[in-house]
> 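Structure below; questions to follow.
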Amino acid sequence: MELLGIHHVAIIASDYVRPKRFYTETLGLPVIAEQYRATRRSYKLDLAVPGGPRIELFSFPEPPDRPSRPEATGLRHLAFAVRDVAATLHELAAKGVRTEELRVDEVTGKRMAFFFDPDDLPLELYEV
C-alpha cells in the first residue's frame, strides 16, 4: 500500500451561509467548486488548502449535533500549519473568531492554539 497524502477533510455544517463565509472570507480559503445537490437538499463546497489537501464543506437539512467535544470518538480536530501562531490568533480574534490561549505542545515544544468555526468545531493552529 502506498498512501500519497491527505486529499480532503469533510465538514458538515449546521447551515451553509455562515460556515461558507467563515472558511472563504475569514480564513481566506479559495473555492474550487460549489454545487447544490437537489436530491439531497445539500450544498457541497470544495475549498483549497495551501499545500494540496481540500476541505469539503457540506450542508444537510437538520444534521445532528456533535456528541460532545473535544473528546468524542471520531475525528477530534483539523490543524492548520502557520508560521506565527500568536499573530494568527490576533488576526482571528480581530475578526470576531472565538480563540483559546496560545500554548506549547508538551511533546514537540511547538506553539499551538485552538479556535472555533461557526458550529464550534475545534480547529488548531500549529506553528511550523
> Atom CD1 of I6 and atom CZ of R54: how far apart are they, to the nearest 0.5 Å?
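The CZ atom of R54 is 14.5 Å from CD1 of I6, to the nearest 0.5 Å.
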
> Evaluate the side chain to side chain contact (heavy atoms under 4.5 Å, CB included) criterion for residues L47 and T24: first the C-alpha distance (whole Å), next the side-chain angles of each, then the deciding distance (0.1 Å), finally the verdict.
CA-CA 8 Å; L47 301 164; T24 60; 3.6 Å; yes

> Closest heavy-atom contact between K95 and T26?
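Closest approach of K95 to T26: NZ-O, 2.9 Å.
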
> Taking atom NZ of K110 and atom CG of D105, what is their separation to the nearest 0.5 Å?
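If we round to the nearest 0.5 Å, K110:NZ and D105:CG are 10.0 Å apart.
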
> Measuring from T99:OG1 to L125:CG, what's the distance to the nearest 0.5 Å?
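If I round to the nearest 0.5 Å, the distance is 9.0 Å.
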
> Taking the side chain as every heavy atom from C-beta outward, state whether R103 and R111 have any pair of such atoms under 4.5 Å apart.
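A side-chain contact under 4.5 Å is absent here.
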
> Are V31 and V17 linked, directly or through intermediate hydrophobic residues, by side-chain heavy-atom contacts shorter than 4.5 Å (ILVMFWY only)?
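No.
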
> Please collect all ring-ring contact (aromatic ring centres under 6.0 Å, His included) contacts where either partner lies in residues 18-45, sequence neighbours excluded, each pair once.
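Those involving residues 18-45 are Y16-Y43, Y36-Y43.
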
> Please, which pairs that meet ring-ring contact (aromatic ring centres under 6.0 Å, His included) have at least one residue in residues 80-114, sequence neighbours excluded?
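Pairs touching residues 80-114 that pass the test: H77-F114.
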
> Looking at side-chain heavy atoms only, is the closest gap between L27 and L92 below 4.5 Å?
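They are in contact (side-chain heavy atoms under 4.5 Å apart), so the answer is yes.
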
> How is the hydrophobic cluster of I32 composed, in terms of its other members, when Ile, Leu, Val, Met, Phe, Trp and Tyr link through side-chain heavy atoms under 4.5 Å apart, directly or indirectly?
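The other cluster members (ILVMFWY side chains, heavy atoms under 4.5 Å, direct or chained): none.
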
> Taking E34 first and then K44, would you say they form a salt bridge - that is, a charged N and a carboxylate O separated by under 4.0 Å?
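Judged by the 4.0 Å cut-off on N to carboxylate O distance, E34 and K44 do not form a salt bridge.
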
> State which residue, out of K20, R98, R21, R18, fulfils the side-chain contact (heavy atoms from CB on, under 4.5 Å) condition with P118.
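So, applying the side-chain contact (heavy atoms from CB on, under 4.5 Å) to P118 and each of K20, R98, R21, R18, only R18 qualifies.
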
> Which residues, ordered by chain and number, are linked to F58 in its hydrophobic cluster, where ILVMFWY side chains connect at heavy-atom gaps below 4.5 Å, directly or through other members?
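Direct or chained contacts put F58 with I12, F60.
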
> Report the residues that fulfil side chain to side chain donor-acceptor pair (under 3.5 Å) with R41, sequence neighbours left out, ordered by chain and then residue number.
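For R41, no residue satisfies side chain to side chain donor-acceptor pair (under 3.5 Å) once neighbours in sequence are set aside.
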
> Check whether more than 12 heavy atoms from other residues, nucleotides or ligands sit under 6.0 Å from atom CD of E101, and answer yes or no.
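At most 12 heavy atoms, drawn from other residues, nucleotides or ligands, come within 6.0 Å of this atom.
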
> Given a cutoff of under 4.5 Å between side-chain heavy atoms of I, L, V, M, F, W and Y, with clusters grown through shared members, what are the other residues clustered with V104?
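None; V104 is a cluster of one.
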
> From E56 CD over to H7 NE2, what is the distance, rounded to the nearest 0.5 angstrom?
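Rounded to the nearest 0.5 Å, the CD-NE2 separation comes to 7.5 Å.
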
> To check you understand the geometry: which heavy-atom pair defines the closest contact between F116 and V97, and what is its length?
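Minimum heavy-atom separation between F116 and V97: O-CG1, 3.6 Å.
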
> How close do A13 and D119 get, heavy atom to heavy atom, and via which atoms?
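The answer is CA-OD2, 3.2 Å.
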
> Taking all non-hydrogen atoms of both residues, which atom of V85 and which atom of E127 are closest, and how far apart?
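Smallest heavy-atom distance, with atoms named: N-OE2, 2.8 Å.
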
> On a heavy-atom basis, which atom in P50 and which in L29 lie closest, and how many Å separate them?
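Taking P50 first and L29 second, the nearest heavy atoms are CD-CD2, 4.2 Å.
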
> Is there a side-chain contact between S42 and R37, using heavy atoms and a 4.5 Å cut-off?
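In short, these two side chains touch, coming nearer than 4.5 Å.
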
> How close do D15 and P19 get, counting heavy atoms only, and between which atoms?
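Looking at all heavy atoms of both residues, the closest pair is OD1-CD, 2.9 Å.
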
